[in-house]
Amino acid sequence: MALKGADILKKLPKTNCKECGFPTCFAFAMKIATGGAKVEDCPHISPESKAELEAELSPPIKLVTIGAGANALVVGEEEVMFRHEKTFFHEPGIAILISDKEAEEEIDRKLKKISGFDFERIGQKLKVNLLALSYDSGEKAKYEALVRKAVETTEMAFVLICCDTDVLFSAAALCAARKPLVYPIGKENLSAAIPRLKELKVPAGVYGKGLDEVIEVASALRNAGIEEMVLDSGPKNMLEGVRDNTLIRRSALKKGFRPLGYPTITFPCFMYKDKLKESLAAAAFMTKYAGIIVLSQPDEHFLLPLLVYRFNIYSDPRRPMTVEEKVYEVSNPDENSPILITTNYALDFFIVSGAIEEAGLPAYLCIKNTEGLGVLASWTSGKFNGEAIAAFFAKYSVEKKVKHRKLIIPGVAKKLKDELEEDLPGWEIVLGPNEASDIPKFLSEEWKQ
Ligand code: SF4
């Protein structure tokens, strides 16, 4: 729960000495409450008050990093129960399960497919985040060989799943530089695991049979000074998983209950044999608070919808999705190709560029920065009017790209036509269709004439 300025002020020296750069302790406290200053900037606060305030001001759900470098997964630090209250910040990592009992060819196939899986949507790369390497063979050498192979052939981060604590930490030592998540850490192996977790500096995958046991294990790890962990209460199906994830999120955010203030890990791969049910459970866990979701197969028929769903849930509802302002070349246009213009609202861009591609006619697509507003809203606010578009034409030297002087504008922007005829002298302004889906027909009939 957010700390108020008045609560912070109670723990400050209240001498108004100004050494923090603020005129009063009250002003400093208010700034801390909104995240604009740090407790440490007051040189006179007592160590006890400083420690208390820092603990109270730390995020209710800890930020946890699994992996290293560009492929690290960062989860946690969420602030709301529902996306519309603000936004969700760190999308859950998707892990694909690989067992050391699988045939070598199958392991090679999966590793190649997972690490090469890369799909772009609205300028964002959608990908699988983690390999979940499972110890099922009972042979330490076999499991270590799998871990070595994953290190050598991919750059991904790992979840190591192994019920033999010695084997688990031997494998973790092989890939410690990748900062793997080691799972499960539970009541049974807690005392053996704590020194190894500290030594290797790797995050812990806490397992408990139910929330009470999770709290017990997480509290022990916290008391031992281990803060990087994710939680699993062992739900057996989607409903139990949603219930537990919700209780964990609610306890952390609404009650400030620190032992549950961590991201969670869920295993739809172990809950259902039916791939469709597994996929539905994964989608439910994306919506309801999972930090990591482990799936059984890198099957694109299930992965692509899940990745797009995750992308939608974790986009910021306060900001429209946008694309870069520039003149896009669709299918290698030349000096005779049509020029169309629309806004940088991502959906406008993708629908119009897709329609141009469908038309099979190369074209220039001018994308004007309207801060994500659509055609009519941006025209009303002056971001997509005659003057703004004329400035865009000058900035990107649009007239040098073609021999003709015809500009196709969205059909819904009739009033813009008059403005442009004034602001772009010498250009013929052509009203395009109202619906982007009619662009292929429009271009083939109107432009070819
Ligand atoms: Fe108050 Fe500390 Fe700032 Fe001085 S430095 S004004 S004591 S908050």
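Index from 1, following the sequence. Note that ligands are numbered from 1 as they come in the structure, with each ligand's atoms numbered from 1 the same way.
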Under-4.0 Å salt bridge between [X] and [Y]:
{"X": "Lys11", "Y": "Glu56", "value": "yes"}
{"X": "Lys113", "Y": "Glu300", "value": "yes"}
{"X": "Lys50", "Y": "Glu54", "value": "yes"}

(message) Under 2.8 Å from atom 1 (Fe) of ligand 1, which protein N, O or S atoms do you find? Ignore water molecules.
(response) Cys25 SG
(message) Show, in sequence, the C-alpha distance, side-chain angles and deciding distance for Glu325 and Lys395, and conclude whether the salt bridge (charged side-chain N to carboxylate O under 4.0 Å, His left out) test is met.
(response) CA-CA 11 Å; Glu325 172 183 285; Lys395 183 176 174 186; 3.3 Å; yes
(request) Would you mind running through ligand 1 and noting each atom that sits below 4.0 Å from a heavy atom of Pro43? (result) 5 (S)
(message) Can you list everything that forms a side-chain hydrogen bond (donor to acceptor under 3.5 Å, both in side chains) with Thr322? Sequence neighbours excluded, please.
(response) none
(request) Measure the distances from the heavy atoms of Pro23 to every atom of ligand 1 and state whether one is below 4.0 angstrom. (result) no
(message) So, applying salt bridge (Lys or Arg N to Asp or Glu O under 4.0 Å) with Glu227, which one of Lys198, Arg222, Arg258, Lys201 is it?
(response) Arg222
(message) Check for me whether Lys288 meets the cation-pi criterion with Phe285, that is, NZ or CZ under 6.0 Å from the six-membered ring centre and within 45 degrees of the ring axis.
(response) no
